[in-house]
Every structure is written in C-alpha cells, then in structure tokens.
Amino acid sequence: NKGSVIKTFLKERVIPTYLQRRDCMALCLNQYLPHAAYMLPDAGFYFFVNINYYLKQRNISDKQFAEQLFEQQKVVAIPGSFFGTQGSGYLRLTFVAESEERIKEGFERIKHFIDSFIESYKGLSFSPFLDPPKRTLFFDFFYRIFIIYYTLFYFFIFNYFYFVYD
C-alpha cells in the first residue's frame, strides 16, 4: 500500500532527521548566540529568534542585520519584520534543508559576524539597554498561533496529496 509506505518513510526517516536538526540548531543557538531568545518549535521547520540584544549593539534593524549577515558571511536569515511589525527584532532560521554540519557552520559564521561588530565597539558601555531579551506573553501567543497555522497548513497539504495519490 502506497499510503503505508509514505507513513513509514515519514515516521522512520523524515521526522527523526528533522528532530535531530532542530535539536542541533537549539544547541547552536545556546552556544553561539547566548543572548538570543527563542522557543523550541514543536512543529514547523524553523526558529523565530529574538536578536534584539545584538541589534542594539549595532543600532540596526533585523532587516539590516540579515542583509549584512548575508553580504559578509553568506548566511541567509529572514528578518522577522517581513512577517509584520510584531516580528521586528527577530530572525527566522530554518533547519529543514541543511545537515547538522552545515547548521553548525552557519552558526559559526553568525558568531564571527557578531564578534566582528562587537570587537569594533569594545570599550563602549551599553549598560541596561542590552539585557538579554525576555519572552513575553504576547510573543508566546504570537509564536504559538504561527506554529498552529503552519502545522495545519502542512497537515492539509500532506493529506491532500495523500488522498489524491493513494
């Protein structure tokens, strides 16, 4: 049965691979971006990461950060502001298409990018404005709605193709 083959493939190969990549990205976020805030996604293929701490150090927007990150380190990140004003100060980082090695390499490049502009501001005091970002009830609500939307979207798309081709 074609449907059972697809379900077995998803259960034994796809889902474990994505979980490993998700966990790898969470470890990299903790290691390389200790002042970033995020929630571990239950569903979806990306992290929505609060990088306000790093943006304030350079006095730039999330869009400028993403553009400079790409120009200098060739790492692609989607600015959160592309998803509306509530996403300002965030980056969307996906783990679906890259191996764990490439995820680690990407975070090493992000860390190098951040270190390069922190190094240029050594000796300046940023004091209370650079406290690590805190999760808010609004962020939790927004993030969970976002996850539910994408989960339902992928569920319906998968079921459509499952029934069409079964």
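These figures come from a predicted structure and were not determined experimentally.
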### Where at least one partner belongs to residues 103-113, residue pairs that pass salt bridge (Lys or Arg N to Asp or Glu O under 4.0 Å), sequence neighbours excluded
Arg102-Glu105, Glu105-Arg109, Lys111-Asp115
### Query
What salt bridge (Lys or Arg N to Asp or Glu O under 4.0 Å) pairs are there with at least one residue in residues 64-75, not counting sequence neighbours?
Lys63-Glu67
Kindly give the heavy-atom pair with the smallest separation between [X] and [Y], and that separation in Å.
| X | Y | result |
| --- | --- | --- |
| Leu40 | Ala26 | CD1-CB, 3.8 Å |
| Cys28 | Ile103 | SG-CG2, 4.4 Å |
| Asp62 | Gly87 | OD2-O, 3.7 Å |
| Ala66 | Ala77 | CB-O, 3.4 Å |

Apply side chain to side chain donor-acceptor pair (under 3.5 Å) to [X] and list each qualifying residue two or more places apart in sequence or on a separate chain.
| X | value |
| --- | --- |
| Thr94 | none |
| Gln64 | Ser61 |
| Asn30 | Tyr38 |

In Å, rounded to the nearest 0.5 Å, how long is the span from [atom1] of [X] to [atom2] of [Y]?
| X | Y | atom1 | atom2 | answer |
| --- | --- | --- | --- | --- |
| Gln57 | Asn52 | CD | CG | 11.5 Å |
| Leu93 | Leu33 | CG | CG | 8.0 Å |
| Ile114 | Tyr53 | CD1 | OH | 10.0 Å |
| His112 | Leu69 | NE2 | CG | 11.0 Å |

### Task
Would you sort out whether Phe95 and Phe47 count as a side-chain contact (heavy atoms from CB on, under 4.5 Å), showing the intermediate values?
CA-CA 8 Å; Phe95 54 85; Phe47 282 78; 3.9 Å; yes
With a 3.5 Å cut-off and sequence neighbours excluded, list the donor-acceptor pairs that the side chains of residues 9-22 form with protein atoms.
{"residue": "Thr17", "atom": "OG1", "partner": "Arg13", "partner atom": "O", "Å": "2.6"}
{"residue": "Arg21", "atom": "NE", "partner": "Glu98", "partner atom": "O", "Å": "3.1"}
{"residue": "Arg21", "atom": "NH1", "partner": "Val96", "partner atom": "O", "Å": "2.6"}
{"residue": "Arg22", "atom": "NH1", "partner": "Pro41", "partner atom": "O", "Å": "3.1"}

Does a side-chain heavy-atom distance below 4.5 Å link [X] with [Y]?
| X | Y | result |
| --- | --- | --- |
| Leu29 | Phe107 | yes |
| Ile78 | Leu91 | no |
| Tyr32 | Ile110 | no |

### Task
Quick one: list whatever passes ring pair (Phe, Tyr, Trp, His ring centres under 6.0 Å) with Phe65, sequence neighbours left out.
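Once residues adjacent in sequence are excluded, the partners of Phe65 under the ring pair (Phe, Tyr, Trp, His ring centres under 6.0 Å) criterion are Phe113.
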### Message
Taking the six-membered ring of Phe48 as reference, does the cationic atom of Arg92 (NZ for Lys, CZ for Arg) lie under 6.0 Å from its centre and within 45° of its axis?
### Response
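The answer is no, since Arg92 fails at least one limit relative to Phe48.
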### Task
For the pair Glu100 and Met25, evaluate side-chain contact (heavy atoms from CB on, under 4.5 Å) and give the outcome as yes or no after the intermediate values.
CA-CA 8 Å; Glu100 292 176 50; Met25 186 169 277; over 6 Å; no
